[in-house]
Peer 1: 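Got a structure here, written out as structure tokens. Questions coming.
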Amino acid sequence: IRKKMGRAHPITILQKFYKKIAFLLIPTVRGMYFLIRNNGGFKEWLSGVWIDVLLLLILIIIAIYNWKNIRYSIGKNVIYLKKGVLFKSEKNIKRNNITTITYHRPVFFRFINAVNIFIDTEGGGKNHSDMYVTISAAKKTEILATDGYSKIYSPKLHEILFFSFCVTDAVASTIYTVLLINRMGKIIGLNILTEFISFLSKATEYLIFAVIIVQVLGIMRNFLYYSKFFVRRSDTCLYFENGFFSKTKSVCKIETVNFLDRRQNLISFFLGLDMAFVQCTGYGKVRKKEALLIPAGTKSTVDTCIKMLLPEFQKAEAKTFSVKPSNKAFLRYVRLPLIVCGIIITLGIGAICMIIEPHFAEWLQLAKFSVFMAVVPFVLFAIVRTVAFKKAGIFGITSRDEYAKNFITICYYKGLNIHTVSFYSDKISHISVRQSIFQRKNKTCDIIFFTGGDGGYKHKVTGLHYNKELLFFFFS
């Protein structure tokens, strides 16, 4: 039996109007046209202003009708949502099928007692929630209950700050960009007319300042989003809360967690720190942010926190089998970045010797610096892949119970990050084994695991020993 239907918060009118804001380009373009004209432009614009007012009224009326046609009910077993004017849609989601419920409250929503509710299931898309509605904050507890959570994890402030730096590789990219701009500005300034040197020097300083400001703002944005972050654990759910100004709260079912991802980049690797993320359909989707579990910590610290929050995924240490990359596969790890480095250096030396030095000697220093800076990113890729080769592999434990699930941990590289991902065999949707002509000769292969959640995730381990029997284990 469905409970009494509720109505969305009136702020929905503004949200619906905002989606149609592109139509306001019509009066804007019309106004600019008459503004440019000199003879009688203002009078002609004023005579047609009724068109602009009519368009504005139509958009407001559409937004109001959309809001009036949004109805929802929160039952004991089912959540129901109905919306639409010309095209009606009705959604029923059983509570047992919900993976994540997210509550997001921007700053100004606090003054109008409103909150956005997002509901996700395993059948949802990667970029949108299955159900979304803005309701009164007083009714959110009917959907999102926060009782019964005993175990609490709250990171320290410096761990959040470190994560804010690392999550976008802001430190490395800022240093690289600043060095590139600063050095190139100085070199170019020495090789052009004297009257432009002062201007170029100032322009370089402003550009460096702009780059630093943009990066700092990005870091601060991440820091404010993840500040006041903490995790609670109950018998069946994880509860996440974060945000300094805009608050975001999520509840995820433990049984719907698809995998745990312990991640390192070059900075965290050399500092001996790990970052941990959890993939549960819907968590982190609302704000398109990383699904954070532990922002930063040493291996022992992260192990302790995972044991408290997700003991179901703290089994990687007891390995009953392991498959490591073949030594013959090392070149496959570093081949691409080294080839690119070789091409850049060869072309750079050729251009310097045959073109720059004989005809443009004054640009020789700039050419050498440009080649060096072009090689640096690929050298970093080669270092990451070398570290990944030593850590990569597939590790697992076999359950003694015939009906229990096998637990698998895989380690691989992706971009400038090294991932250590743990999951149960029933979370694998399918596996792909790939071999090139050279890999067949060396009896090695690449194994790609596809796991569920938000449209699916791909985990590729490169250069493993080819073993047909191993594939049967993953689905046993």
Peer 1: Aromatic ring centroids of His459 and Phe259 under 6.0 Å?
Peer 2: yes
Peer 1: Assess whether atom CZ of Phe372 is packed by more than 12 heavy atoms of other residues, nucleotides or ligands within 6.0 Å.
Peer 2: no
Peer 1: Starting from the C-alpha separation in whole Å, work towards a yes-or-no answer on salt bridge (charged side-chain N to carboxylate O under 4.0 Å, His left out) for Glu122 and Lys94.
Peer 2: CA-CA 12 Å; Glu122 287 289 0; Lys94 292 182 179 180; over 6 Å; no
Peer 1: Under 6.0 Å between the ring centres of Tyr457 and Phe450?
Peer 2: no
Peer 1: For Ile447 and Cys445, work out which heavy atoms get closest and say how close.
Peer 2: CG1-SG, 3.9 Å
Peer 1: Does atom CZ of Phe438 have more than 12 heavy-atom neighbours from other groups under 6.0 Å away?
Peer 2: no
Peer 1: If the test is salt bridge (charged side-chain N to carboxylate O under 4.0 Å, His left out), which one of Arg233, Lys427, Lys307 qualifies with Glu312?
Peer 2: Arg233
Peer 1: Would you call the rings of Phe381 and Phe378 parallel, tilted or perpendicular if under 30° counts as parallel and over 60° as perpendicular?
Peer 2: tilted
Peer 1: Are the side chain of Asn69 and the backbone N or O of Lys83 linked by a donor-acceptor pair below 3.5 Å?
Peer 2: no
Peer 1: Nearest 0.5 Å, please: how far is CG in Leu14 from NE2 in His9?
Peer 2: 11.5 Å
Peer 1: When the aromatic ring centroids of Phe163 and Tyr226 are compared, is their separation below 6.0 Å?
Peer 2: yes
Peer 1: Angle class for the Phe229/Tyr153 ring planes (parallel below 30°, perpendicular above 60°, tilted otherwise)?
Peer 2: perpendicular
Peer 1: Carefully, step by step, assess Asp303 and Arg262 under the rule salt bridge (charged side-chain N to carboxylate O under 4.0 Å, His left out).
Peer 2: CA-CA 10 Å; Asp303 285 341; Arg262 296 177 65 155; 2.5 Å; yes
Peer 1: Indicate the atoms forming the closest heavy-atom contact of Lys253 with Arg95, along with that distance.
Peer 2: NZ-O, 3.1 Å
